[in-house]
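The structure under discussion appears below in the form of structure tokens.
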Amino acid sequence: MFLSVFDMFKVGVGPSSSHTIGPMVAAARFLDHLRAQPFQVAGLRASLHGSLAFTGVGHATDRAVILGLAGFRADDYDAARAEAELTRIATDHCVSPEGLGALKFHPKDDLQFDYGPALPGHANGMILRGTDAQGDVITQVTYYSIGGGFVLTEAELAAGKDTDNGPPIPFPFHSADEMLQMAATSGKSIAGMKRANELSRMPDADLDRGLARIWEVMNTCIDRGLTTDGTLPGGLKVRRRAKGIYDALMAERGMNLTAPHTINDYMSTYAMAVNEENAAGGQVVTAPTNGAAGVVPATIRYWLDHVPGATASRVPEFLLTAAAIGGLIKFNASISGAECGCQAEVGSASAMAAGGLAAVLGGTPEQIENAAEIALEHHLGMTCDPVKGLVQVPCIERNGLGAIKAVSAASLAMRGDGQHLVSLDVAIETMRQTGVDMSEKYKETALGGLAVNVPNC
């Protein structure tokens with residue numbers, strides 16, 4: 001299955017790609033389903049299952065479903081208009097998506113959190129229903145939010161991964177080993193092969209424009225987070241820290257007071273800035289998920305601001321390389337915290353960032369693969385245990401450490417020749433197996449780990 005760079009990097013809204021963006025996407029798809037029916041529905045209902053139920057409120061899943069059924073989309077989200085619409089829906093008990101008229105929907109009665117067993121297809125399941133004037137269900141579709149904002153219907157999930165119906169791509173690698181073999185045969189870099197694959201599906205100008213927008217949104221998000229303070233929503237009273245740390249770092253410049261390891265503070269602060277914005281419901285880029293959205297942009301910003309010779313003209317090369325690595329992880333394992341724990345989110349993001357950084361540092365395909373493997377290997381087993389179901393603790397700081405690991409992994413790989421014992425394919429498969437074995441309470445349910453050992457108020 002071909003996964004575009006714009007599948008791995010999507011402009012969206014916080015706090016969660018699987019629990020906020022995914023449900024909003026599913027709602028939009030359900031509206032399209034209704035528009036295609038020969039009958040008219042009079043009302044809507046929704047039920048959330050598995051992780052979507054257990055941590056849905058903390059991840060704003062309820063808001064996402066309501067707004068999605070009202071016609072809102074994550075990629076052009078208007079926060080002020082959304083708040084006004086939520087207030088209206090709570091009063092009028094109806095939504096009015098384009099082309100479907102006014103549909104009865106009372107959030108209190110028609111949006112159900114089902115805390116029973118998860119649906120069989122995935123930990124993040126939801127069922128959307130259309131009703132007639134009497135309130136009887138006349139159509140329904142089951143959707144699964146499988147991580148990173150990707151959504152599949154029950155039928156699509158059952159059909160398997162290889163459901164790409166687009167034109168053939170020139171470099172169809174499905175494993176890191178195939179990727180390295182194709183690079184050796186073609187003489188192209190990983191980014192060069194990824195670019196060729198993208199150009200088989202879109203014009204060159206669209207690709208460049210899209211990549212520029214991805215970095216613009218990422219960088220703007222960092223800047224917003226570095227200049228905004230206050231307390232994050234959700235009840236934990238977590239203070240924003242990125243601005244204070246960054247201001248202190250700026251004040252210390254040129255004073256000969258800083259130790260070499262202070263560079264880690266810069267990396268952490270860039271990542272924390274993004275994830276504080278995400279936790280506040282701001283605009284972010286899934287990279288590959290919202291919970292891990294800070295790692296890739298922080299690593300790029302570190303490279304641009306602190307590495308001699310770095311130039312913004314090579315950011316597309318970084319993004320294309322990172323997307324190639326992320327695509328392999330998603331295809332062969334998972335990028336979903338609800339499926340494989342945080343190793344699948346921050347671990348995947350760190351591997352993507354490490355590969356991207358190695359690429360712009362001049363690494364060979366073998367060194368890039370080695371960098372990604374090192375980063376992923378040393379996140380294996382990481383659980384997803386958000387306190388109060390919020391993407392705040394431990395998620396925000398965890399992105400900073402993911403960026404630091406990415407830079408360290410790239411640096412180690414660049415010191416070698418790319419030959420190493422554990423391959424990226426082995427690390428990916430190990431991550432998948434570890435996720436299968438991991439207790440469900442450590443998979444974004446807030447039922448284990450820090451989520452039950454830290455007071456929620």
Side-chain angles (χ1 to χ4, degrees), residues 6-7 10-49 52 56-57 59-113 124-133 135 137-146 148-154 156 213 217 278 280-286 290:
F6 304 118
D7 290 324
K10 304 185 191 74
V11 176
V13 61
S16 172
S17 48
S18 60
H19 288 59
T20 313
I21 296 176
M24 196 176 288
V25 170
R29 291 191 61 182
F30 187 64
L31 295 180
D32 288 339
H33 165 76
L34 294 180
R35 293 183 185 107
Q37 301 308 310
F39 50 80
Q40 176 69 40
V41 298
L44 302 173
R45 292 181 193 159
S47 59
L48 305 175
H49 303 260
L52 291 185
V57 174
H59 287 76
T61 307
D62 47 350
R63 291 166 53 92
V65 172
I66 296 167
L67 290 170
L69 292 175
F72 282 71
R73 296 185 346 190
D75 57 356
D76 62 354
Y77 184 77
D78 183 322
R81 192 166 67 88
E83 291 301 324
E85 184 65 3
L86 285 169
T87 300
R88 187 201 63 77
I89 293 169
T91 301
D92 296 346
H93 303 162
C94 72
V95 294
S96 300
E98 183 178 355
L100 292 170
L103 303 176
K104 179 183 176 297
F105 183 80
H106 191 322
K108 182 179 178 181
D109 298 331
D110 296 322
L111 178 57
Q112 176 191 4
F113 288 79
N124 293 330
M126 58 189 295
I127 303 174
L128 299 179
R129 302 174 175 91
T131 62
D132 60 18
V137 175
I138 53 176
T139 184
Q140 72 176 46
V141 181
T142 298
Y143 296 93
Y144 292 105
S145 180
I146 61 173
F150 290 87
V151 172
L152 296 175
T153 65
E154 185 176 35
E156 290 166 346
R213 182 177 184 236
V217 174
N278 179 63
Q283 186 181 62
V284 297
V285 175
T286 63
N290 281 32

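FYI, the numbering just counts along the sequence from 1. Note: hydrogens, waters and symmetry copies are ignored here, and every other heavy atom, side chains too, is used. Note that the coordinates shown come from a computational prediction; the quantities given were computed from them, not determined experimentally.
A salt bridge between D110 and K104 is present, with a side-chain N of the basic residue lying under 4.0 Å from a carboxylate O of the acidic one. With respect to the salt-bridge test (charged N to carboxylate O, under 4.0 angstrom), the residues R63 and E83 qualify.
Closest non-hydrogen pair, T153 versus Y143, comes out as CG2-CE2, 3.7 Å. For V151 against R29, the heavy-atom pair with the smallest separation is O-NH1, 3.2 Å. P97 approaches L31 most closely through the heavy-atom pair CB-CD1, 3.6 Å. Minimum interatomic distance between P23 and A64 (heavy atoms only, all atoms of both residues): CB-CB, 4.4 Å. Here the shortest heavy-atom pairing between L100 and Q40 reads O-NE2, 3.1 Å. For I21 against G149, the heavy-atom pair with the smallest separation is CG2-CA, 4.2 Å.
Taking CE of M126 as the reference point, atom NE2 of H49 lies at 9.0 Å (rounded to 0.5 Å). Note that the CZ atom of F30 and the CG atom of L69 stand 8.0 Å from one another [nearest 0.5 Å]. Atom OG of residue S17 and atom CZ of residue F150 lie 9.5 Å apart, to the nearest 0.5 angstrom. For the atom pair CZ (F39) and CG (L34), the distance works out to 7.5 Å, reported to the nearest 0.5 Å. For the atom pair SG (C94) and CG (L103), the distance works out to 8.0 Å, reported to the nearest 0.5 Å. A distance of 7.5 Å separates CZ of F72 from CG of L86, quoted to the nearest 0.5 Å.
Panel note: side chain R35, backbone E98; a donor-acceptor pair is recorded below 3.5 Å. Using a distance-only test at 3.5 Å, with no hydrogens or angles considered, no donor-acceptor pair links the side chain of Q283 to the main chain of G14. Here the side chain of K10 pairs no donor or acceptor atom with the backbone of D75 at under 3.5 angstrom. Checked by atom type and distance alone, the side chain of N290 pairs as donor or acceptor with a backbone atom of V13 at under 3.5 Å. Side chain of S145 to backbone of N124: no donor-acceptor contact under 3.5 angstrom is found. A donor-acceptor pair under 3.5 Å is formed between the side chain of N278 and the backbone N or O of P15. R45 places a side-chain N or O within 3.5 Å of a backbone atom of G135 that can act as its donor or acceptor partner.
Ring geometry for H106 versus H93: interplanar angle under 30°, hence parallel rather than tilted (30 to 60°).
A side chain to side chain contact (heavy atoms under 4.5 Å, CB included) with E154 is found for exactly one of T142, I127, V141, namely T142.
Side-chain contact of R129 with S47: a donor-acceptor pair under 3.5 Å is present, judged by distance alone.
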